[in-house]
There are 2 protein chains.
Amino acid sequence: MSSGKNAVVRIKDIALKAKVSTGTVDRVIHNRGRVAEDVKERVLKILKELNYEPNIMARMLGSKKQYVFAALLPDHTYDAFWMAPKLGIEKAEQDLRQYGVSVEQYVFNPHDPQDYVKMANKLTKKNPDGILLSPIYYNETLPFFEKWNEAKIPFVLFNTQIAEYDPLSYIGQDSYQSGLLAAKLVHYGQPNPCSILIAHIDEEMSNAQHLVKKEQGFRNYFIQQNLAHHYNIISTELNRSSQSGFIKKLDEILESTLDLKQIFVTTSQAYDIAKYLNQRHVKNIKLIGYDLIAPNLYYLENGDISFLINQNPKGQGYWGIYQLAEHLVFKKEVPILKYLPLDVVTNENLNYFRDEKSDTFVEI
Amino acid sequence: MSSGKNAVVRIKDIALKAKVSTGTVDRVIHNRGRVAEDVKERVLKILKELNYEPNIMARMLGSKKQYVFAALLPDHTYDAFWMAPKLGIEKAEQDLRQYGVSVEQYVFNPHDPQDYVKMANKLTKKNPDGILLSPIYYNETLPFFEKWNEAKIPFVLFNTQIAEYDPLSYIGQDSYQSGLLAAKLVHYGQPNPCSILIAHIDEEMSNAQHLVKKEQGFRNYFIQQNLAHHYNIISTELNRSSQSGFIKKLDEILESTLDLKQIFVTTSQAYDIAKYLNQRHVKNIKLIGYDLIAPNLYYLENGDISFLINQNPKGQGYWGIYQLAEHLVFKKEVPILKYLPLDVVTNENLNYFRDEKSDTFVEI
DNA sequence: ATTCGTTGTGTGTTCGCACACATTTAATAA
DNA sequence: TTATTAAATGTGTGCGAACACACAACGAAT
């Protein structure tokens, strides 16, 4: 089935069959006009009939068009999480170099909306062929979406989703589903009634829709399973800007919740909870968190963190750029929504999700 | 950093600098001989100096070389597991069609070594450019390895590893590690002492090294964690050829092992255990198995199977073919060993591992 | 009737490489 | 020395698509 008639169809073949020249076929394909209506339709029909697909090699070779993409993402020196998307972007750039793609990175201080806007403006001035960004500031982002739409510059979102405007595509995880998954893991490890803490660290819930969804998913799992009455689920927002405040709040929770058995950290700072539990010599509370950053891995290997849910941040960067190329360079259709798999990572399968190892591999 | 001097070097440039014609440079590059020694060295030096990299597009375009790969794999009508590799192979073929790659599939009855040999012979006669196979019969395979080595046909193994001869690469999972992972999941869900059953179904252990390794990994987890004395781990080989025998054996085990809490099925037949437990109205035994085949998914969604470890069979097929292409078509170096990630799949993240969804996605 | 512009169509060149073929140079035999 | 051959090197064409350009046909404006 996949083989069969494998005769590759060329423009020439189309031209022959339609009794026109290759130039005319070319004009039809690229919609350049200057073709009589009846001829155009005839060619179009044959194009479909013969299932013509342009030869990428020839296309790339002929036109020395260069594509400049721009990537707008937080500076990884503020939050190690952002190192991975950066690496993914660079790997994609590497893979696509042959096709004339280059990527300019615009990094901003993730704690400073001003800086975000500044870099977005700088990027916009450069008028790139495509844009990849993690729109962590909702309000600040919308005007840019309008600009880019006007300028017909396709943009891809990753990690943070903004549904209002229509990006070329969104790459990231389904936060709600990820909350469900975390709940399943918690429940599996804790079949008997107990208290569970959901901890949001260093983020304002009002401005972080994905954390809200994670919590919803988490809570709904227990509701769906008719287990809500067995578990006492409490949630809290912690802030590490004051170390003492952070510890004090945790102390209070632990004192007032004697049957606390699990903590679900919705951000990538599970390691700080692990550190705290270690200091307090608490041994019977299990931890689930996000992201394979170094300090988390330390506690995962220790056994202090049971599971980390991997958001595949490198893949987000990689596929973001790749989607742009698929669209602009290869002229393929790209899916509007691309949810990356929710990887459950433990000490035992960690190796396959680390950078070094998983460098070339693909889930198809 | 990635840009800088981006002037792409062409054969022409090399020729100019070396004061020879492009033909001579071409001969040097392809080692076609007929070049004076001193000239050859001069060209070679400049090639390195200017860091020449051939333009893939132009290369592919120029030479209409066709690559025929052969894939030797079990017939999926005998075991649904093999459907996925087949799909992966076909997807890879699709993706590589532009580069002149086609794949011929040779499927054999997995219960019949004779048939295996027959198809391997047939394949060998065709003298393909590259071979992908799952060498499920050790002894029968070795002579072919020798033949292919002599004929200098690169071959890639998947799913089953044979280390003795050197394949171009192996694609699959680390069975030992996968046993460790299963044990971790079991232990997480069963922190208190109990009995655990390891069930090997429809395979002869003597001929299935990977099952042995899975069991080793599983047992070693508990030893490493100093928990061996807490758990009573028993293992059994079950055969479904006799339905009554299958059930009888399970009945016996359940009767004699009252504190049995977990069953780890090392093959893809967890669903048959699930069915059995359902029939017997056993509710307090948890199940972990392998592979996202339809009947397993049914019980996973039911909740009767807690986790499935995904071996990414589609990816195995896809990457197997892709590795061959990387080597032969793109002339890149390929890693000898490629362990695919051990995916922990539950009802909550299942969607991302199903065919439909994960069709285009990659872990890089 | 000539000039012009518009529309429709065909031709020719380019991209970088592979490979067939042509040509030059050097070495050897007659 | 000249003819013969092998070795060394140069030239030319094709791959498929993109795009610039050439050209023909026809009506409208001069």
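Small disclaimer: the values here were computed from a predicted structure and weren't measured. Order of the sequence lines sets the chain letters (A, B, ...), proteins ahead of strands, with each chain counted from 1.
The footprint of chain B on DNA chain D, defined by a heavy-atom cutoff below 4.0 Å, extends from dA7(D) to dG16(D).
From Leu133(B), atom CG reaches atom CZ of Phe108(B) across 8.0 Å, with rounding to the nearest 0.5 Å. Separation of atoms CD (Glu333(B)) and NE2 (His327(B)) is listed at 9.5 Å; rounding is to 0.5 Å. A distance of 6.5 Å separates CD1 of Ile171(B) from CG of Leu340(B), quoted to the nearest 0.5 Å.
A donor-acceptor pair shorter than 3.5 Å cannot be found between the side chains of Glu53(A) and Gln98(B). Lys338(A) and Gln323(A) share no donor-acceptor pair across their side chains, judged by distance under 3.5 Å alone.
The residues Asp38(A) and Arg42(A) are annotated as not salt-bridged, no charged nitrogen and carboxylate oxygen being separated by less than 4.0 angstrom.
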Can you check each nucleotide of nucleotides 15-27 of chain C against protein heavy atoms at under 4.0 Å and return B for base, S for sugar-phosphate only, - for none, in 5' to 3' order?
BBSBB--------

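Taking the six-membered ring for Trp and the full ring otherwise, the centers of Tyr99(A) and Phe330(A) sit less than 6.0 Å from each other.
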